[in-house]
**Q** 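Pasting a structure below so you can have a look.
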Amino acid sequence: MTVIQEMLSSLPIADKVGAWGTLGTVRAQKNFDPDTDVEKLGESLPNTGSRQTIIDVLTNLNNEQRQDVMRLYKEQTQQDLIENIKKALSGDLENVIVGLLKTPIAYDVQELKSAMKGLGTDEATLTEIICTRSNERLKEIQNIYREQFKSELETNIISDTSEPYSGLLLAITKVITLTMSL
């Protein structure tokens, strides 16, 4: 175990050893009952959504539990929870709740695409994601980005950023590609 891992594991805020960015404050609900949560969502969504019910149910779960709720919702209703949330909510609340329902990697991919979309580039978002994610996670991000948008992340970085910033981001993504292929 490295010194950093030992230090992180001794912190009271860390349930498990992890890298920067994985020490979130949303913990798994100990009395998690996805059936109850799906039932609450099922009752509130068809009636243009009880905003507070949606907020209460989804913000008190960690991502893994939200993924369980999404799978169970789909099984029980044969409907997509994200699509129903989009029908029931709007604006910033819709964006936040839909973002919460994505896996962390899917959310990173969405944010990278948004950061390079349209005029101007959100360099802070690009920097945060590319410079703070683990090699394994960045490799997964690159693969999902390629599948979802039918283009390479590196190609889009080149077309949407300028030197020397693009060189820095490309160097990081290339190191990851080389490290993962060894």
**Q** Does a donor on one side chain sit under 3.5 Å from an acceptor on the other, for Asn156 and Tyr145?
**A** yes

**Q** Measuring only between side-chain heavy atoms, which start at C-beta, is Val69 closer than 4.5 Å to Phe32?
**A** yes

**Q** Is any side-chain heavy atom of Pro104 closer than 4.5 Å to a side-chain heavy atom of Arg137?
**A** yes

**Q** Does some side-chain heavy atom of Asn63 sit less than 4.5 Å from a side-chain heavy atom of Gln67?
**A** yes

**Q** Ion pair present between Lys117 and Asp160, side-chain N to carboxylate O less than 4.0 angstrom?
**A** no

**Q** Among Asp122, Leu126, Ile129, which residue meets the side-chain contact (heavy atoms from CB on, under 4.5 Å) test with Glu111?
**A** Ile129

**Q** Can you find a heavy atom in the side chain of Leu58 that is under 4.5 Å from one in the side chain of Leu41?
**A** yes

**Q** Between Leu138 and Thr173, is any pair of side-chain heavy atoms under 4.5 Å apart?
**A** no

**Q** List the steps and the verdict of side-chain hydrogen bond (donor to acceptor under 3.5 Å, both in side chains) for Lys102 and Gln110.
**A** CA-CA 9 Å; Lys102 293 179 182 262; Gln110 169 196 309; 3.1 Å; yes

**Q** Rounded to the nearest 0.5 Å, what separation is found between the OG atom of Ser44 and the CG atom of Asn84?
**A** 10.0 Å

**Q** Please examine the side chains of Thr125 and Ser114, heavy atoms only from C-beta on, and report whether any two atoms are closer than 4.5 Å.
**A** no

**Q** Check side-chain hydrogen bond (donor to acceptor under 3.5 Å, both in side chains) between Asp56 and all other residues, then give those that pass, not counting sequence neighbours.
**A** Gln52

**Q** Distance from Asn135 atom CG to Glu140 atom CD, nearest 0.5 Å?
**A** 11.5 Å

**Q** With distance as the sole criterion, is a donor-acceptor pair present between the side chains of Asp37 and Gln65 under 3.5 Å?
**A** no

**Q** Can you tell me how far the CG atom of Asp108 sits from the CD atom of Glu128, to the nearest 0.5 Å?
**A** 8.0 Å

**Q** Less than 4.0 angstrom from a charged side-chain N to a carboxylate O is my criterion; do Arg146 and Glu152 meet it?
**A** yes

**Q** Output yes when a side-chain donor or acceptor of Arg66 lies under 3.5 Å from a complementary backbone atom of Leu100, and no otherwise.
**A** yes

**Q** So, taking the atom named CD1 in Ile97 and the one named CD in Glu94, what distance separates them when rounded to the nearest 0.5 Å?
**A** 10.0 Å

**Q** Can you find a pair of side-chain heavy atoms, one from Leu93 and one from Ile55, that are under 4.5 Å apart?
**A** yes

**Q** Within this structure, what is the CD-NZ distance for the pair Glu43 and Lys40, rounded to the nearest 0.5 Å?
**A** 9.5 Å

**Q** Closest heavy-atom contact between Gln79 and Tyr73?
**A** O-CD2, 3.5 Å

**Q** Quick check on the hydrophobic clustering: are Tyr107 and Leu81 connected, directly or via other members, by side-chain heavy-atom contacts under 4.5 Å?
**A** no

**Q** Check for a donor-acceptor pair, side chain of Thr121 on one end and backbone N or O of Glu123 on the other, with a separation under 3.5 Å.
**A** no

**Q** Looking at side-chain heavy atoms only, is the closest gap between Asp35 and Gln76 below 4.5 Å?
**A** yes

**Q** Nearest 0.5 angstrom please: Ile157 CD1 to Leu153 CG, how far?
**A** 4.0 Å

**Q** Start with the C-alpha distance between Glu154 and Gln142, add both sets of side-chain angles, then the distance that settles side chain to side chain contact (heavy atoms under 4.5 Å, CB included), and finish with yes or no.
**A** CA-CA 9 Å; Glu154 293 87 353; Gln142 289 172 331; 2.7 Å; yes

